[in-house]
Amino acid sequence: MDIKIISIEPTGTLAEAEAFHVDGLATRFVQYVNNNKLAGDLCMAVPCDRPDMEEYEESPDMEGYEDFLKRDTAFFSENDIPLSAHRHPRWIDQLVPVMFQAHFHGTDPFDEQDDGLTGVRRRTRVRVRRKAREHFATCAEQVFRAQHRTALFMLFVIGRKFRFLRWDRSVVVVTPTIDYVSEPQLLCEFFWRLSLQTDETLGIDPSAVRLRPGDHDYALMDQYGVQLATDLATGERVLEPEALHVKTTVFKYVRLMFRESVQRPGWARYRLEVPHGNEVRYFLVGSPIIYDFEMAGRGTRGYVALDCATRRFVWLKDAWRVHSALVNVEGATLAELNAKQVRNVPTLLYHGDIRGQVASTSRLQPENLATTPVSDSSPLDSPPLSSSKKRAAVSGSLPARPHKRLRGEDGANSVAKADFEYRHYRLVQKEVAMPLSEFRDGRQLVAIILDCVLTHQDAVVKAKILHCDISEGNILIYPKIVYEPKDNNMKITWTSLLVDWELAQPIAEDIEYADLPHTRVGTWQFMSIGMLTGASKQPSVSDDLESFLYVLLHHGVRYLQSNCNLVQYFFSNFFDFIRPGDNLASSAFFSPKYHAVQNNGYITCNGVGSDWRNRLLFGSPLDEVFSRLLPCFKARYNVLAYEKWKAKHLDQPPEPEPESDPEPKPQPPSESDEESASTWEVPLSSDIEGLPQDPAMLKHLESLKKKRRAQPPPREPPSAEEFQYAAYVGTHDMTIRILEYVYSHRSEWSSSDKIGDRLVGPEEEIRSDSSQQVKPPAVVALEIPPAGPSSIKQSGTTVKPVGDCTGESTRGTMRATGARSALGVLQWQTMKDL
């Protein structure tokens with residue numbers, strides 16, 4: 001049966017849409033669609049009750065663009081439209097968002113025509129388009145974050161033209177612009193086809209069931225969000241006997257996190273399914289506790305979830321994992337770590353891919369879309385996480401935010417050439433932990449980092465697994481109830497939890513990492529200098545230990561007292577430095593982090609410069625950690641640079657002598673040869689095909705090349721001391737010893753050195769308000785004890801490390817061996833002596 005689509009031409013002033021302001025354009029277009037019932041049971045409306053996503057509302061990047069770009073209009077099902085004419089549908093119920101932009105020549109974000117502009121005018125147009133694309137990506141990410149989706153369709157109306165966009169986690173497809181005034185049948189056909197789609201074909205995830213008031217599970221979430229008298233506080237203490245008779249122990253912070261997630265205004269509640277063998281388990285969730293700001297990539301979200309079967313709180317992770325032979329499934333990695341009894345890692349409960357849902361760049365390449373009206377189809381970025389600025393549509397970049405990175409294309413603004421596939425994946429773990437920022441003081445911060453370094457050592461030694469993504473978000477605090485046999489009681493103690501093992505790699509000597517793509521992994525703000533610059537050919541223990549040091553520095557500067565008064569300035573220089581137009585690898589060579597580690601061996605209080613008198617100080621034993629470990633990493637990179645130079649110049653076998661050819665007979669030069677010889681510069685390479693060739697000159701050039709190979713540029717090898725220092729950070733032992741020793745000096749720590757989050761407010765307020773400035777603290781120098789077990793006690797303080805390699809990680813229960821406390825072998829000067 002043939003179906004004839006009746007097109008309704010835009011009438012009245014909508015035909016002159018290019019002259020409208022964006023608000024007038026939106027109003028008239030909505031009336032045109034709804035009055036003519038172009039979308040069948042779908043209605044266009046402006047929603048209300050928007051979820052709280054203030055980080056985008058206050059973003060300065062969007063300032064000035066709201067005047068001609070309008071969002072917050074969408075298609076809704078008639079069932080979600082209130083009957084009252086004065087009420088609006090909820091933002092969370094939208095099916096297809098609609099973006100409006102007033103017509104200004106050259107401002108279409110997906111049109112790359114520059115009309116011959118050059119200089120400042122061309123750069124201004126490029127900047128405007130980039131900001132608009134960032135705005136589009138922001139709107140798409142917000143919908144993906146609040147709803148559970150596999151894809152998102154979006155209508156973009158600009159003046160009297162429109163585009164249609166399709167988003168998923170790998171790519172955005174953009175159609176050509178169509179003039180709906182001169183070709184109204186195409187717009188009407190689009191609306192007709194849209195009205196025939198189910199929620200699933202419009203991108204709604206069928207494995208996430210929306211809960212509404214009146215549903216049994218909706219009321220169950222309210223019930224379990226109520227605080228109970230038996231809930232435990234998180235403070236470290238001995239438990240009273242009556243607290244041990246509770247059948248299910250719940251910490252107050254866990255129930256509070258769950259209650260806040262289900263009661264956040266504007267957010268919806270869902271029942272999610274997670275496969276478990278041949279069965280399916282169900283979990284109730286509210287708004288995400290953690291989420292990825294990027295539209296491109298894995299889109300990780302973390303929830304405090306209620307298990308429908310056991311009625312216990314668990315942690316549920318929802319992500320789009322990279323399907324590759326080089327990347328293990330996180331659940332399989334956790335299962336192996338649990339089987340090897342690696343301490344302080346999450347306990348795996350359930351995990352699996354969701355209903356075969358896939359987002360792939362290869363499926364949406366232009367050659368595969370020849371029969372569809374698509375002009376631009378570009379990957380958002382190279383997975384799993386490949387640059388600081390993601391790509392949308394043609395050539396623009398998404399907002400730059402902390403993200404993870406996998407070696408593929410090195411360009412921060414480049415699109416990967418390879419094809420990647422994301423698979424929808426969920427994982428459930430037993431522990432619900434607190435963020436690292438909840439630490440009480442500097443000494444406890446060191447203890448938590450030490451806990452995780454011991455966990456990292458366990459994973460390397462027992463399971464041959466390297467984490468490869470040490471960052472501040474992957475080190476958590478986990479209150480734990482433990483039994484003290486000495487005192488015969490139960491107590492709450494704070495331990496650590498090293499999470500997010502999805503980028504972990506097996507340690508295998510038979511793998512040539514240099515020949516494999518995608519081996520640069522991690523969160524780039526905490527990535528080692530070696531991984532950023534390529535000095536490390538493969539992820540190593542040293543790289544992860546360096547990342548641990550950056551996490552300690554990050555939280556030390558942000559929350560502890562120090563002589564760093566411009567915290568935002570320090571963070572932007574040390575952690576977030578990227579040169580405009582450069583990729584991450586090129587920028588790393590100019591970053592203050594590279595300068596501090598590679599050249600200085602110490603960090604300045606503003607993150608830049610090399611004045612030793614301006615070095616960063618905390619006035620606590622924390623200074624000793626940086627003064628001892630940074631020179632080790634500096635030595636490591638000197639050794640790596642020397643080994644690279646040696647392999648290039650000294651370890652190469654000599655090239656065989658070329659066979660001597662009979663000397664050619666001289667030919668009389670032609671006029672063309674004489675003309676070219678007058679302007680010809682002698683090349684430095686023997687590849688001079690097409691240029692005049694003088695046999696004597698060729699012979700001379702070959703002799704120069706042999707001489708250069710025989711006499712490489714001089715380079716002093718590292719000293720024996722540098723080789724020794726580099727070896728210290730090749731394994732965990734020395735880092736553990738230093739952290740244990742620093743932790744043991746209880747009397748040198750202040751219990752009030754945590755002064756709150758200093759990374760708040762504009763930097764100008766910190767500069768102008770002298771009351772916010774922190775005075776430089778006094779330097780605390782710890783004397784290095786001699787080697788041997790007898791050196792454990794210093795100033796009446798006993799070393800109480802976090803744990804050993806075979807037992808549970810419990811504060812104060814591990815044996816302090818002479819090997820771990822023998823710091824005298826370092827023979828370094830203290831800060832006091834310097």
Side-chain angles (χ1 to χ4, degrees), residues 1-50 70-103 139 143 147 149 151-167 174-204 210 212 372-373:
M1 181 179 64
D2 295 334
I3 298 178
K4 182 179 180 181
I5 301 175
I6 302 175
S7 63
I8 302 177
E9 297 185 5
T11 57
T13 57
L14 192 58
E16 302 174 357
E18 291 189 356
F20 293 158
H21 185 269
V22 63
D23 292 328
L25 172 65
T27 301
R28 290 171 174 82
F29 194 90
V30 170
Q31 292 175 351
Y32 163 67
V33 173
N34 290 340
N35 292 343
N36 294 287
K37 293 286 185 180
L38 296 182
D41 293 337
L42 301 180
C43 298
M44 289 186 70
V46 177
C48 66
D49 198 12
R50 182 183 181 84
K70 181 180 178 61
R71 57 179 178 178
D72 287 341
T73 305
F75 282 95
F76 295 84
S77 171
E78 280 188 340
N79 297 330
D80 295 323
I81 301 293
L83 297 178
S84 173
H86 302 287
R87 298 182 61 187
H88 298 271
R90 298 182 64 197
W91 184 93
I92 197 69
D93 295 324
Q94 64 180 294
L95 293 174
V96 178
V98 183
M99 306 282 287
F100 291 96
Q101 180 175 315
H103 173 74
C139 296
V143 177
Q147 299 178 348
R149 282 185 168 268
L152 175 68
F153 294 94
M154 180 182 293
L155 176 65
F156 175 38
V157 180
I158 176 170
R160 54 183 283 171
K161 297 181 180 180
F162 76 95
R163 292 182 184 268
F164 193 49
L165 291 76
R166 181 193 182 276
W167 299 81
V174 185
T175 68
T177 56
I178 300 174
D179 191 327
Y180 60 82
V181 175
S182 60
E183 298 181 273
Q185 69 279 2
L186 293 179
L187 181 64
C188 293
E189 181 178 357
F190 159 71
F191 288 137
W192 173 70
R193 294 184 181 275
L194 185 66
S195 66
L196 300 179
Q197 306 305 310
T198 64
D199 289 352
E200 184 174 352
T201 57
L202 289 178
I204 302 297
R210 172 76 178 278
R212 300 179 183 275
T372 60

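Predicted model only: the values in this text are computed from it and were never measured.
In this structure, the side chains of F100 and V157 come closer than 4.5 Å at one or more pairs of heavy atoms. Proximity of V143 to M154: side-chain heavy atoms (C-beta onward) are nowhere separated by under 4.5 Å. When side chains are defined from C-beta on, P89 does not count as touching C48, because their heavy atoms never get closer than 4.5 Å. Side-chain contact check for P97 versus L152: some heavy-atom pair is nearer than 4.5 Å. Looking at I178 and F164, their side chains never come closer than 4.5 Å, going by heavy atoms from C-beta outward.
Without hydrogens or angle criteria, T27 side chain to G24 main chain gives no donor-acceptor distance under 3.5 Å. Between the side chain of Q197 and the backbone N or O of L194, no donor-acceptor pair lies under 3.5 Å. N34 places a side-chain N or O within donor-acceptor distance of the main-chain N or O of M44, the cut-off being under 3.5 Å. Formation of a donor-acceptor pair under 3.5 Å by the Q101 side chain with backbone atoms of V22 is not found in this model.
Atom-to-atom distance recorded for K161:NZ and E183:CD is 10.5 Å, nearest 0.5 angstrom. Separating the CG atom in N35 from the CZ atom in R28 is a distance of 13.0 Å, to the nearest 0.5 Å. Atoms CG and CD1, from D41 and I81 in turn, are 11.5 Å apart once rounded to the nearest 0.5 Å. Rounding to the nearest 0.5 angstrom, the gap separating the CG atom in D93 from the CG atom in D49 is 9.0 Å. Atom CZ of F162 and atom CG of L186 lie 6.0 Å apart (nearest 0.5 Å). Here the OG1-CE distance, from T73 to M99, works out to 9.5 Å after rounding to the nearest 0.5 Å.
Ring geometry for F29 against Y180 counts as perpendicular: the plane angle is over 60°, on a 0 to 90° scale with 30° as the lower cut.
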Test side chain to side chain contact (heavy atoms under 4.5 Å, CB included) applied to V96 and L202, step by step: CA-CA 8 Å; V96 178; L202 289 178; 4.3 Å; yes
Candidate pair D80 and R90, rule side chain to side chain contact (heavy atoms under 4.5 Å, CB included), full reasoning: CA-CA 8 Å; D80 295 323; R90 298 182 64 197; over 6 Å; no
Worked verdict on T175 versus F190 for side chain to side chain contact (heavy atoms under 4.5 Å, CB included): CA-CA 12 Å; T175 68; F190 159 71; over 6 Å; no
Worked verdict on D199 versus L95 for side chain to side chain contact (heavy atoms under 4.5 Å, CB included): CA-CA 8 Å; D199 289 352; L95 293 174; 3.9 Å; yes
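Contact record, Y32 with C188: OH-SG, 4.3 Å, taken as the closest heavy-atom pair. When all heavy atoms of W192 and S195 are compared, the closest pair comes out as O-OG, 2.6 Å.
Aromatic pair F191/F75: centroids less than 6.0 angstrom apart.
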